[in-house]
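Working notes, structure below.
Predicted, not measured: the structure shown is a model, and the values here were computed from it. In the text below, chain A, chain B and the rest are named by the order of the sequence lines, each starting its count at 1.
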Number of protein chains: 2
Amino acid sequence: MVEKEDIKAFAAKFDPQPFHLDEAAAHETIFGGLAASGWHTAAMTMRLLVDSEIKPAGGIVGAGFDEFRWPRPVRPGDELRLESEVLDARPSQSHPRQGLIKVRTTTLNQINEPVQIMIASLVVLRRPEEIANCYLATRVRSLRKQSKGIANTIV
Amino acid sequence: MVEKEDIKAFAAKFDPQPFHLDEAAAHETIFGGLAASGWHTAAMTMRLLVDSEIKPAGGIVGAGFDEFRWPRPVRPGDELRLESEVLDARPSQSHPRQGLIKVRTTTLNQINEPVQIMIASLVVLRRPEEIANCYLATRVRSLRKQSKGIANTIV
């Protein structure tokens with residue numbers, strides 16, 4: 001679960017704006033209440049991804065994004081999970097030992113509303129047997145549950 | 001300046017992979033040495049942006065990105081600065097009191113290599129006199145200098 005104090009701590013360090021720092025001040029803003037920084041949402045998504053069953057050879061190394069949107073904010077008390085799908089896999093033209101995979105990852109809250117949608121290009125080391133058959137559909141429990149180690153049983 | 005310990009602390013929380021956590025292990029990876037998580041680069045960029053002279057009415061509220069790339073990693077000891085330019089500003093079709101501005105922000109290291117390039121769509125409150133003439137070119141000192149308060153003299 002996304003804790004209010006974690007939202008404020010992340011914001012104090014990286015995104016110190018009223019709607020991420022203080023409930024009362026946030027009510028007067030476009031968010032109408034405390035909301036996590038989009039970068040916090042992105043970072044929590046990355047943690048869920050690293051803990052998921054998506055294990056490209058060489059790690060999860062992002063090069064860029066074809067699409068990246070925050071359709072709505074993450075609120076205190078939200079529970080996040082991911083749905084990921086590998087859309088494409090191809091060898092790198094410039095680095096013969098590397099490949100590029102395109103992964104769409106949607107971050108959903110506890111009522112299945114998308115809070116982040118991204119299509120990322122990841123750099124992977126080529127292992128033909130691993131690049132083939134790379135359709136994955138992942139459902140990952142909340143970050144809190146993961147951090148308590150349940151994710152290890154999924155992975 | 002980006003400190004080695006900050007790279008590891010961010011990674012331990014949000015992106016626990018060997019190339020972001022441990023120098024020796026990182027040497028064996030695609031990065032060839034310790035590198036900051038791209039999400040850490042993004043978060044540091046946001047901090048520089050919040051501390052910069054870019055002050056849209058209503059705050060810096062990202063909706064999504066037309067472009068987002070990490071051409072190279074941030075390394076321990078790097079000093080980051082931004083160059084930002086407002087490319088476009090238009091009223092929102094669905095929310096008459098809001099507008100959308102498109103801002104290209106390039107994050108550069110101390111030898112002027114881009115480490116992150118993004119074109120973001122930001123939601124702003126409409127104030128016609130502020131939306132007009134919105135070309136900005138910003139050069140911001142390193143995060144460390146900013147955190148010591150020099151940025152306040154720029155803002």
Side-chain angles (χ1 to χ4, degrees), chain A residues 6 9-21 25-26 28-31 35 37-51 55-73 95 97-98 116-125 143 147, chain B residues 6 9-21 25-26 28-31 35 37-51 55-73 95 97-98 116-125 143 147:
Chain A
D6 290 336
F10 187 97
K13 194 155 191 181
F14 296 116
D15 192 352
Q17 302 191 88
F19 32 73
H20 303 318
L21 287 169
E28 311 300 315
T29 69
I30 197 170
F31 288 105
S37 168
W39 302 111
H40 191 190
T41 301
M44 290 188 286
T45 296
M46 187 60 188
R47 179 58 191 258
L48 289 170
L49 210 49
V50 170
D51 289 345
K55 301 284 184 198
I60 302 176
V61 179
F65 300 88
D66 282 4
E67 187 177 338
F68 192 117
R69 290 185 288 128
W70 291 304
R72 60 180 60 69
H95 298 88
R97 293 183 55 206
Q98 297 178 10
Q116 181 179 292
I117 298 164
M118 64 176 181
I119 298 178
S121 291
L122 306 181
V123 181
V124 296
L125 299 179
L143 191 58
S147 69
Chain B
D6 290 337
F10 187 98
K13 195 156 188 180
F14 296 116
D15 192 353
Q17 302 191 88
F19 32 74
H20 302 320
L21 288 169
E28 311 299 316
T29 69
I30 198 169
F31 288 105
S37 167
W39 302 110
H40 191 190
T41 302
M44 291 188 287
T45 296
M46 186 62 189
R47 179 58 191 256
L48 291 168
L49 209 50
V50 169
D51 289 345
K55 302 283 185 200
I60 302 176
V61 178
F65 300 88
D66 283 3
E67 188 178 336
F68 193 116
R69 289 186 290 127
W70 292 304
R72 60 181 60 68
H95 299 87
R97 295 182 55 206
Q98 297 178 10
Q116 182 178 292
I117 298 164
M118 62 176 181
I119 298 178
S121 290
L122 305 181
V123 181
V124 296
L125 299 179
L143 192 57
S147 69

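Contact check for Gln17(B) versus Met46(A): side-chain heavy atoms found under the 4.5 Å cut-off.
Ring-plane geometry between Trp70(A) and Phe65(B) is classed as perpendicular, the angle between the planes exceeding 60 degrees on a 0 to 90 degree scale with a lower cut at 30. Ring geometry for Trp39(A) against Trp39(B) counts as tilted: the plane angle lies between 30° and 60°, on a 0 to 90° scale.
Across every non-hydrogen atom of Gly58(A) and Phe19(B), the tightest pair is O-CE2, 3.3 Å. The two residues Arg47(A) and Pro16(B) come nearest to each other via the heavy atoms CD-CD, 3.7 Å.
Both the backbone and the side chain of Ile60(B) come within less than 4.5 Å of a heavy atom in chain A. For Gln116(A), no part sits under 4.5 Å from any heavy atom of chain B, backbone or side chain.
Of the listed residues (Ala43(B), Ser37(B), Gly38(B), Gly64(B)), the greatest number of heavy-atom pairs within a distance under 4.5 Å of chain A belongs to Ala43(B). With chain B as partner, the option from His95(A), Arg69(A), Arg72(A) having the largest number of non-hydrogen pairs under 4.5 angstrom is Arg69(A). Ranked by non-hydrogen atom pairs under 4.5 Å with chain B, the options Pro71(A), Gly59(A), Ser121(A), Ala63(A) are led by Ala63(A).
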